[in-house]
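In the text below, chain A, chain B and the rest are named by the order of the sequence lines, each starting its count at 1. The basis for the numbers below is simple: all heavy atoms, side chains too, and nothing from hydrogens, waters or symmetry mates.
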Protein chains: 2
Amino acid sequence: MTTQGPGLHTHVLDTLGLEIAAGEHPPGQVLRTDELAQRFDVSRTVVREVVRVLESMHLVESRRRVGVTVRPTEAWNVYDPQVIRWRLAGADRPRQLRSLTVLRSAIEPVAAGLAARNATPEQCAALTECALGMVATSRGQQLEGYLEHDIAFHRIVLNASGNEMFARLGDVVAEVLAGRTHHQVMFEDPDPAAVTLHVRLAEAVREGDAAAAERLTKEIAVGALHELDVLAP
Amino acid sequence: MTTQGPGLHTHVLDTLGLEIAAGEHPPGQVLRTDELAQRFDVSRTVVREVVRVLESMHLVESRRRVGVTVRPTEAWNVYDPQVIRWRLAGADRPRQLRSLTVLRSAIEPVAAGLAARNATPEQCAALTECALGMVATSRGQQLEGYLEHDIAFHRIVLNASGNEMFARLGDVVAEVLAGRTHHQVMFEDPDPAAVTLHVRLAEAVREGDAAAAERLTKEIAVGALHELDVLAP
DNA sequence: TGTGACGTAAACGTCGTACTTTTTGTTGGT
DNA sequence: ACCAACAAAAAGTACGACGTTTACGTCACA
């Protein structure tokens with residue numbers, strides 16, 4: 001999945017970002033702008049803009065007289081959805097998926113607790129609708145439809161928490177769920193227990209039961225982690 | 001606090017980012033690259049590179065025939081440390097500080113629990129050293145020294161958790177603590193209770209008591225949130 | 001009067017080139 | 001062995017030209 005439509009900049013950025021995230025250019029390797037321009041058959045202008053963006057993500061560092069050097073993983077802006085997408089497409093998807101799932105297990109229970117206090121009636125209704133959608137698509141190889149409702153569900157919870165930082169994690173969660181559904185890191189049909197938990201979570205939020213919402217979300221997270229342990233090495 | 005050394009690019013980026021984060025350019029406002037080039041007295045080349053970076057942070061969107069339009073807050077990459085710095089320097093520091101502190105209250109307890117299981121002896125030693133440093137600087141207007149140890153302490157815990165996503169939140173926490181210490185959102189001397197909690201947390205991690213580590217970190221977070229309630233409107 | 005096709009100009013996108021600045025490796029002398 | 005001056009390499013910056021998309025106004029026609 002590339003970023004968006006045409007545009008030389010987009011193409012070069014996506015290609016280079018993907019390669020670096022995949023480890024094809026180990027940390028310390030230097031890339032010269034002239035070479036890149038030649039390789040992609042674009043002007044140095046385009047390459048420089050790409051390098052500037054990669055630099056803002058801390059994937060590379062540009063220094064005079066030396067070139068564009070690839071930075072070690074520890075320096076990367078791993079919360080940038082773009083970087084996450086690149087990494088999930090690359091080699092260490094398992095590690096990445098696990099890190100992100102642990103992150104979810106820390107955030108989402110708290111967010112759900114807040115959502116139980118702050119959710120508007122509209123959000124509660126949308127949540128219930130998503131839960132029902134998950135039930136309806138939980139059988140018979142409708143993984144894509146299920147995924148859609150699942151993403152929407154978690155996004156609503158994060159938004160309803162009222163905390164901006166939680167809300168903005170919706171994209172990350174979406175990437176995780178999507179990356180998990182594709183790439184065969186999931187059973188053919190979703191875990192029935194997880195479906196039930198989502199339904200009950202929607203109820204808990206609607207009734208304003210913060211403790212229950214937090215507990216149920218923790219259970220969902222535990223299930224997701226366990227699923228990873230089983231299906232990923 | 002600007003980004004780094006000289007360089008036209010850096011200056012323009014920092015100025016524009018700061019202005020947008022401060023809300024000086026409301027969402028929907030269009031900036032033309034030619035005007036920006038004139039205003040900063042730089043070439044369009046430099047402006048274009050800056051715009052590309054701003055675009056990668058989703059602060060602006062560049063479209064043909066219309067210009068560079070400022071995007072609404074909901075679209076921004078609020079986990080980018082650079083964006084966080086800009087926002088903390090701007091108008092809605094209180095809101096931002098609260099969001100980030102809630103985020104910390106969700107993450108750090110889990111991270112501390114993991115750290116209690118995974119921390120190396122070296123990390124435990126460093127943690128204890130930081131805690132002692134906090135004690136030593138907790139009285140007599142040594143806020144800068146205290147801040148330094150505080151940041152180091154939390155960074156070690158996040159790193160020791162063994163989870164990459166947690167570890168990379170160290171920069172965010174550092175920004176929060178720094179932004180809180182400067183800007184008078186803190187008492188003249190740190191809360192003695194907080195200092196004690198840090199010392200006990202270092203012990204809990206050293207002894208591998210995950211439950212205690214998680215509980216103590218939660219208490220620290222509650223204290224920080226309470227402090228915000230008292231000192232910020 | 002309303003509507004749709006069409007043309008135009010405004011703004012970004014891309015390119016090529018020339019020049020500047022910083023950094024680094026090397027050379028040469030003591 | 002050390003230090004200083006020099007030269008080259010690569011990014012940084014500037015400028016001007018042209019391409020490309022697309023919003024918007026205009027005009028003809030119903």
Are there any protein N/O atoms within less than 3.5 Å of an N/O atom in nucleotides 14-18 of chain C, and if so, which ones and at what distance?
residue, atom, partner, partner atom, Å
dT14(C), OP1, L8(A), N, 2.9
dT14(C), O4, R44(B), NH2, 3.1
dC15(C), OP2, S43(A), N, 2.8
dC15(C), OP2, S43(A), OG, 3.0

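Residues satisfying the side chain to side chain contact (heavy atoms under 4.5 Å, CB included) criterion with E144(B), sequence neighbours excluded, are L147(B), H182(B).
Following rounding to the nearest Å, E35(B) (CD) and dA11(C) (P) show an atom-to-atom distance of 8 Å. For D34(B) and dC12(C), the CG to P distance is 6 Å, given to the nearest whole Å. Put simply, NE2 on H11(A) is 17 Å from C1' on dG13(C), counting in whole angstrom units. The interatomic distance linking R65(B) (CZ) with dA23(D) (C1') rounds to 5 Å, in whole Å.
Rounded to the nearest 0.5 Å, atoms CG (D14(B)) and CD (Q82(B)) are 5.5 Å apart.
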Atom pairs and distances, donor-acceptor, side-chain atoms in residues 21-36 of chain A, under 3.5 Å, two or more places apart:
residue, atom, partner, partner atom, Å
H25(A), ND1, Q29(A), NE2, 3.3
H25(A), NE2, E19(A), OE1, 2.7
R32(A), NH2, E35(A), OE2, 2.5

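The aromatic rings of H154(A) and H198(A) lie perpendicular to each other, with more than 60° between the two planes, well past the 30° mark.
Between R32(B) and V66(A), the one whose closest nucleotide on DNA chain C sits nearer the 5' end is R32(B).
Taking each heavy atom of R168(B) and D171(B) in turn, the nearest pair found is NH1-OD2, 3.4 Å.
The phosphate of dA11(C) (OP1 or OP2) has no side-chain N or O of T33(B) nearer than 4.0 angstrom.
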| request: I would like to know whether L127(B) and R206(B) meet side chain to side chain contact (heavy atoms under 4.5 Å, CB included); could you show each step before the answer? | output: CA-CA 9 Å; L127(B) 213 52; R206(B) 174 157 29 91; over 6 Å; no
